[in-house]
Amino acid sequence: MGIKGCMSITKYFLFVFNLLFFILGGVLLCFGLWILFDRSSFASMLGSTTPTLKIWCYVFSGVGILTMLLGFLGCLGSLKEIKCLLGFYFAFLLLLFAAQITIGVLVYTQRNNIKTSAGKYVEDLIKSYGLYSNQTDIEESWDFAQEKMKCCGWNAPEDWLQNPKISSNSSVSLYPCSCRNITRDRSYAFSNTSIESSDSRSHFCQASSKDNWPVYHTGCMNRIQTWLQNNIITVVGVCIGISLLELFVMTLSMCLCRNLDQNYNKLARYS
């Protein structure tokens, strides 16, 4: 009786736990689809860019679908005591846990290569910034990152001197508007106006001189490193908590699967 009662508690605990996960996945999926079909309203309300919201809608939708799938397998497998679904549930969790460990190890061991690759990517982005008549999604996203993180360039604002529009323009001093430090720019806000291209906004602003850009002096790489250093304990704690929760639920699902009646196949109900 003791073992049977323990299995019943395990079964209904898994059911309730995964039911909450299924509902959470549905909420994330609906929110992602809402952003996808109403990006303009979200962009005006949050002050974000449309490409950035596009990325987030895909993230929310993808996470929502995976969470709903995981919750469905756990709910149906535990409530109906279907071994194959519990097996899929365990395998899915194990695969997710292994992927998290692999990504963590790769990020830690390849952090220098990742930093170099990211720097090269941003350097190429800066060199090609503003060369097209219409601003690309990547350029809008980089503008958004610089504005929100209050940084300029990857290592320093001088990275923007590699941009052809800035380096080749000798008559006026241009700098990216997304780098503008509003606090420093207040003293001559009316004299530094945006430069207009023939087709659309060029997203470059004009300064009094190349030695006096009213921009943030910190590079975005330093901002990211500072944020990681200040929040490393929180990030590691959340990762460990998620991993322990996954191990706990995997253990419960495997215990329930192994202790089901070997001579009773629940799938026979549906055949």
Side-chain angles (χ1 to χ4, degrees), residues 32 35-36 39-62 107 110-169 172-185 192-207 210 212-231 235:
I35 296 176
L36 180 64
R39 284 200 303 268
S40 57
S41 298
F42 271 90
S44 59
M45 180 177 63
L46 300 177
S48 179
T49 59
T50 301
T52 305
L53 288 175
K54 187 191 300 183
I55 294 173
W56 279 110
C57 79
Y58 291 146
V59 169
F60 280 126
S61 300
V107 168
Q110 302 294 321
R111 59 188 182 278
N112 292 329
N113 292 334
I114 293 174
K115 184 190 301 184
T116 302
S117 300
K120 183 66 169 58
Y121 179 81
V122 174
E123 181 181 337
D124 294 338
L125 172 61
I126 289 175
K127 289 180 179 178
S128 62
Y129 183 93
L131 299 182
Y132 305 101
S133 57
N134 295 320
Q135 194 176 36
T136 64
D137 291 352
I138 298 176
E139 290 174 352
E140 284 193 31
S141 299
W142 180 244
D143 281 341
F144 178 75
Q146 289 189 136
E147 290 174 1
K148 295 304 179 182
M149 290 193 295
K150 296 182 178 181
C151 58
C152 190
W154 181 245
N155 297 294
E158 288 73 21
D159 292 344
W160 280 97
L161 294 175
Q162 303 177 59
N163 183 272
K165 280 197 172 184
I166 295 177
S167 60
S168 63
N169 200 324
V172 293
S173 177
L174 302 181
Y175 67 93
C177 295
S178 58
C179 285
R180 181 166 50 197
N181 187 340
I182 299 176
T183 304
R184 296 188 62 220
D185 197 31
N192 294 353
T193 56
S194 297
I195 304 299
E196 298 280 343
S197 67
S198 57
D199 299 319
S200 61
R201 294 184 65 88
S202 64
H203 296 271
F204 286 106
C205 292
Q206 181 179 335
K210 289 188 176 181
N212 193 26
W213 284 358
V215 299
Y216 298 105
H217 292 302
T218 305
C220 293
M221 180 187 68
N222 295 329
R223 288 289 188 193
I224 295 173
Q225 288 179 335
T226 301
W227 184 88
L228 288 175
Q229 290 173 359
N230 294 335
N231 297 275
V235 173

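A distance of 10.0 Å separates CH2 in Trp154 from CD1 in Ile126, rounded to the nearest 0.5 Å. We find the OH-OG1 distance between Tyr129 and Thr136 to be 9.0 Å, quoted to the nearest 0.5 Å. Atom CZ of Phe204 sits about 10.0 Å away from atom SG of Cys179, to the nearest 0.5 Å. Residue Tyr175 holds its OH atom at 10.0 Å from SG of Cys152, rounded to the nearest 0.5 Å. Separation of atoms CD (Gln206) and SG (Cys177) is listed at 10.5 Å; rounding is to 0.5 Å. Atom OG of Ser167 is separated from atom CG of Leu174 by 10.0 Å, given to the nearest 0.5 angstrom.
Closest of all the heavy-atom pairs between Arg180 and Cys205 is NH1-SG, 3.6 Å. Among all heavy-atom pairs drawn from Ala207 and Pro214, the shortest one is CB-CD, 4.0 Å. Residues Ile138 and Leu125 come closest through the heavy atom pair CG2-CD1, 3.7 Å. For the residue pair Ile166 and Trp213, the shortest heavy atom distance occurs at CG2-CZ2, 3.8 Å.
Applying the side-chain contact (heavy atoms from CB on, under 4.5 Å) rule to Ser178 yields the partners Asp143, Gln146, Glu147, Pro176; only residues at least two apart in sequence or on another chain are considered. Contacts of Glu123 classified as salt bridge (Lys or Arg N to Asp or Glu O under 4.0 Å), with partners at least two apart in sequence or in another chain: Lys127.
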Listing, residues 218-225 side-chain donor-acceptor contacts under 3.5 Å, not counting sequence neighbours, or none:
residue, atom, partner, partner atom, Å
Arg223, NE, Met149, O, 3.2
Arg223, NE, Lys150, O, 3.2
Arg223, NH2, Lys150, O, 3.1

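Within the structure, the side-chain hydrogen bond (donor to acceptor under 3.5 Å, both in side chains) test picks out the following pairs touching residues 110-120 (sequence neighbours left out): Gln110-Asn113, Lys120-Asp124.
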